[in-house]
Amino acid sequence: MNAEAILNEKGNEVITIEESATIRDAACTLDQRRIGATVVVDGKGKVCGVLSERDITRQVAREGASALDSQVSTCMSSNVITAKRADTVDELLSCMTNRRIRHLPVMEAGTLVGVISIGDVVKRKIAETEAEADAMKAYIAAG
């Protein structure tokens with residue numbers, strides 16, 4: 001199981017926002033799309049960050065309500081950690097755990113092809129574990 005299989009199941013739609021958009025706009029996008037983070041792109045469409053609900057909350061805690069009028073670029077995570085389609089579920093989980101991140105943009109040849117969340121990875125890991133347990137039970141039952 002790998003990132004490509006996860007994207008094939010959940011879809012490749014990626015919600016992006018430009019770095020010049022306001023934090024208010026980003027918060028509205030997250031709310032409307034019912035997502036926890038969005039990929040931030042520059043004016044040319046190149047990935048330059050990830051903005052999460054947590055980033056927005058921290059900025060509002062620091063600056064108050066006026067933070068909502070600031071640009072996304074002021075509080076996004078700009079050190080973007082990405083995955084490749086071939087990355088296994090275990091590699092994805094390890095990366096997310098070690099880096100303490102919940103969303104991984106998936107890139108292929110410099111192009112954004114999807115986003116995987118920690119929920120997507122955990123769902124797949126549970127499915128793998130259940131399949132292994134079922135196979136073991138069948139093996140034991142066959143004697």
Side-chain angles (χ1 to χ4, degrees), residues 1-140:
M1 192 56 57
N2 59 21
E4 183 169 26
I6 293 172
L7 292 176
N8 287 341
E9 181 179 298
K10 75 174 261 185
N12 292 24
E13 181 182 17
V14 181
I15 306 304
T16 63
I17 193 161
E18 287 204 15
E19 64 185 338
S20 61
T22 66
I23 295 172
R24 181 184 318 277
D25 292 337
C28 289
T29 297
L30 296 178
D31 178 47
Q32 291 166 355
R33 300 305 295 246
R34 302 189 63 184
I35 55 176
T38 184
V39 176
V40 182
V41 295
D42 64 16
K44 297 177 183 175
K46 181 182 174 202
V47 173
C48 60
V50 174
L51 181 75
S52 70
E53 294 168 323
R54 187 176 290 176
D55 295 324
I56 294 170
T57 301
R58 286 184 178 138
Q59 195 72 3
V60 170
R62 290 182 196 123
E63 296 182 13
S66 65
L68 297 173
D69 296 321
S70 300
Q71 290 186 338
V72 165
S73 60
T74 63
C75 71
M76 68 183 188
S77 299
S78 57
N79 182 18
V80 182
I81 297 153
T82 63
K84 297 180 295 294
R85 290 182 207 237
D87 289 348
T88 67
V89 168
D90 287 337
E91 289 170 331
L92 297 168
L93 190 56
S94 176
C95 177
M96 292 172 129
T97 301
N98 293 336
R99 302 289 184 131
R100 301 190 66 177
I101 56 177
R102 297 171 183 245
H103 300 87
L104 272 175
V106 181
M107 305 288 289
E108 202 63 45
T111 301
L112 180 63
V113 296
V115 174
I116 294 178
S117 72
I118 190 73
D120 299 328
V121 177
V122 169
K123 178 181 174 183
R124 281 298 188 152
K125 189 64 178 172
I126 289 169
E128 281 181 1
T129 303
E130 288 175 347
E132 289 172 4
D134 290 343
M136 186 63 75
K137 287 176 190 175
Y139 176 76
I140 292 170

One should read off an interatomic distance between Glu18 CD and Ser73 OG, to the nearest 0.5 angstrom, of 11.5 Å
Please indicate whether Lys10 has more than 12 foreign heavy atoms, meaning atoms of other residues, nucleotides or ligands, lying under 6.0 Å from its NZ.
yes
Heavy-atom closest pair, residues Val72 and Thr22:
CG2-O, 3.7 Å
Run the side-chain contact (heavy atoms from CB on, under 4.5 Å) test against Ile126 and tell me which residues pass, sequence neighbours left out.
Val122, Glu130
Between side-chain atoms of residues 58-70 and protein atoms elsewhere (two or more places apart, or another chain), which donor-acceptor pairs fall under 3.5 Å?
unit_1 : atom_1 : unit_2 : atom_2 : d
Gln59  : OE1    : Arg62  : NH1    : 3.2
Gln59  : NE2    : Glu63  : OE2    : 2.8
Ser66  : OG     : Glu63  : O      : 3.2
Asp69  : OD1    : Arg24  : NH2    : 3.1
Ser70  : OG     : Ala67  : O      : 3.3

All salt bridge (charged side-chain N to carboxylate O under 4.0 Å, His left out) counterparts of Glu13, not counting sequence neighbours
Arg33
Residue list, side chain to side chain donor-acceptor pair (under 3.5 Å) with Lys123, at least two apart or on another chain
Glu9
Test side-chain contact (heavy atoms from CB on, under 4.5 Å) applied to Thr57 - qualifying residues, sequence neighbours left out:
none
Solution key, residues 104-116 side-chain donor-acceptor pairs under 3.5 Å, sequence neighbours excluded:
unit_1 : atom_1 : unit_2 : atom_2 : d
Glu108 : OE1    : Arg85  : N      : 3.4

Mind checking whether Asp90 and Met1 have side chains closer than 4.5 Å, heavy atoms only?
no
On a heavy-atom basis, which atom in Ala83 and which in Leu92 lie closest, and how many Å separate them?
CB-CD2, 3.6 Å
Sequence neighbours left out, what passes side-chain contact (heavy atoms from CB on, under 4.5 Å) with Ala127? Give chain and number order.
none
Can you measure from CD1 (Ile81) to CG (Asn79) and round to the nearest 0.5 angstrom?
5.5 Å
My understanding is that only residues two or more places apart in sequence, or in another chain, count here; which of them pass salt bridge (charged side-chain N to carboxylate O under 4.0 Å, His left out) with Asp25?
none
Which atom pair, heavy atoms only, marks the closest approach of Cys75 to Ile23?
SG-CD1, 3.5 Å
Output the distance between atom CG (Asn2) and atom OG1 (Thr88), rounded to the nearest 0.5 Å.
8.0 Å
Would you mind reporting whether Thr82 and Val47 have side-chain heavy atoms less than 4.5 Å apart?
no
Please round to the nearest 0.5 Å and tell me the distance separating atom CG of Asp120 and atom CG of Leu7.
8.0 Å
Val40 vs Val80 side-chain heavy atoms within contact, under 4.5 Å
no
Going by side chain to side chain donor-acceptor pair (under 3.5 Å), name the pairs with one or both residues in residues 40-56, residues two or more places apart or in two chains.
Ser52-Asp55
When the side chains of residues 96-103 are checked against the rest of the protein, which donor-acceptor pairs come out under 3.5 Å, sequence neighbours left out?
unit_1 : atom_1 : unit_2 : atom_2 : d
Thr97  : OG1    : Leu93  : O      : 2.8
Asn98  : ND2    : Ser94  : O      : 3.2
Asn98  : ND2    : Ser94  : OG     : 3.2

If you compare all heavy atoms of Cys48 against all heavy atoms of Met76, which two are closest, and at what distance to 0.1 Å?
O-CE, 3.4 Å
Distance-only, no hydrogens or angles: does the Thr38 side chain make a donor-acceptor pair with backbone N or O of Leu51 under 3.5 Å?
no
